[in-house]
J.: 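There's a structure below that I have some questions on.
Labels below follow one simple rule: chain letters A, B, ... track the order of the sequence lines, proteins then strands, and each chain is numbered from 1. Note that the structure is a prediction, hence the values are computed from the model and not measured.
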2 protein chains.
Amino acid sequence: MTETPRNGRNAVPLDELDRRILAVLQQDNRLSFAELAERVASSAASCVRRVRRLREEGVILADIALVDPGRAGKSLTAVVNIELEAERLDLVDAFKREMRAAPEVNQCYMVTGDADFVVMVTVEDIAAFEAFTRDRLYANPNIRKFRSMIMLDRVKFEPRVAI
Amino acid sequence: MTETPRNGRNAVPLDELDRRILAVLQQDNRLSFAELAERVASSAASCVRRVRRLREEGVILADIALVDPGRAGKSLTAVVNIELEAERLDLVDAFKREMRAAPEVNQCYMVTGDADFVVMVTVEDIAAFEAFTRDRLYANPNIRKFRSMIMLDRVKFEPRVAI
DNA sequence: CGTGAAATTAGTTGACC
DNA sequence: GGTCAACTAATTTCACG
């Protein structure tokens, strides 16, 4: 019962050792394979093989440094719920492209429910956020309305998957 | 005992080279210092010194592997806007602790505006999400109401800061 | 800040149980 | 899957311009 292949569409079957490896690497990817092997109670060779496979299969998307926005001078984060003018495919695609191109936008999700899109924005201060709404939102005729929620406390930020 | 808010920390002064280094490492932290130096048009020694400093100062919070939730069998992500029963400090702190303890919760922000909290949840499927709402939300007497938005498309996920 | 060299550590590969 | 050994590459430290 340790094996639970899941059926997300492109899900890759992962065994318990894969899961332990991913759990560790999602917290620290700079460990040597020897250290990793110790933490997951396996051998370095096995970790080398598995990590390579997990990268090749796209389970591991990227290996990155996480930067503290505040320390880097971006002290304002906002969650913006956006409703488009119409649910037309061309408008939706155009909007996605704009969000992908906007450097202030860290995350953008198309969603069901009250909004069409949820966008997370990280900028220096309230003036920069005002400029963002003016240049990217008010200026955008595809947007019917949007509601901003300014972050007061980053309670949890763990861009990792519980596996 | 109330928790110390995490924002309001001081920004660290960064020069152009620091910014270029951070921009690269936020996309790939497995480069050798020689490669990094080449990309930022500097020397390996300087990169070594600066990266160590950026880590010590907390500008770089962590170095991690990014896992594709779908490939790892978690094909449902939801954004949940939550309103608490009362804006009492003890209720707020208790809620924060619960969200930090919940493995399905990747991100949790306390916000101004329509909601008190915005929570991002990643689980296997709709059944697991239903279980999450039942066990963590409906079961929670501190929550007055919540609104879920199910992710249809992860348009952009770049947990990095534009610097 | 930059170079280069030496010492140490880590990553890679292949043979083998 | 696991170990071991040998090879290559990267990191660390230091002296120096």
J.: Quick one: which of A:Val92, A:Val111, A:Ile143 gives a side-chain contact (heavy atoms from CB on, under 4.5 Å) with A:Phe117?
T.: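 Considering A:Val92, A:Val111, A:Ile143, a side-chain contact (heavy atoms from CB on, under 4.5 Å) with A:Phe117 is found only for A:Val92.
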J.: A:Leu25 CG to C:dG11 C1': how many Å, rounded?
T.: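 In whole Å, C:dG11 C1' lies 15 Å from A:Leu25 CG.
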J.: How many whole angstroms separate atom CZ of A:Phe33 from atom P of D:dG2?
T.: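 Atom CZ in A:Phe33 sits about 14 Å away from atom P in D:dG2.
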J.: Can you measure A:Asn29 atom CG to C:dA10 atom P for me and round it to whole angstrom units?
T.: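 For the pair A:Asn29 CG and C:dA10 P, the rounded distance is 15 Å.
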J.: Scan residues 139-163 of chain B for pairs that pass ring-ring contact (aromatic ring centres under 6.0 Å, His included), counting only residues two or more places apart or in two chains.
T.: B:Tyr138-B:Phe146
J.: Cut-off 3.5 Å, no hydrogens considered: what does the side-chain donor-acceptor table look like for residues 93-101 of chain A, sequence neighbours left out?
T.:
{"residue": "A:Lys96", "atom": "NZ", "partner": "B:Asp153", "partner atom": "OD2", "Å": "2.6"}
{"residue": "A:Glu98", "atom": "OE1", "partner": "A:Asn140", "partner atom": "ND2", "Å": "2.4"}
{"residue": "A:Arg100", "atom": "NH1", "partner": "B:Val155", "partner atom": "O", "Å": "2.9"}

J.: Do A:Arg19 side-chain atoms and A:Leu14 backbone N/O form a donor-acceptor pair below 3.5 Å?
T.: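 Side chain of A:Arg19 to backbone of A:Leu14, a donor-acceptor pair under 3.5 Å: yes, one is there.
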J.: Please name the pair of heavy atoms, one in B:Leu76 and one in B:Asp125, separated by the smallest distance, quoted to 0.1 Å.
T.: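 Scanning both residues completely, I find the closest heavy atoms to be CD1-C, 3.9 Å.
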J.: What residues from residues 36-53 of chain A pass a heavy-atom cutoff of under 4.0 Å to DNA chain C?
T.: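 Those residues are A:Arg52.
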J.: Nearest-Å distance, CG (B:Leu31) to C1' (C:dG11)?
T.: 15 Å
J.: Tell me, yes or no, whether the heavy-atom count around A:Arg55 atom CZ, taken from other residues, nucleotides or ligands under 6.0 Å, exceeds 12.
T.: yes
J.: What's the CZ-P distance between A:Arg30 and D:dT12, to the nearest Å?
T.: 7 Å
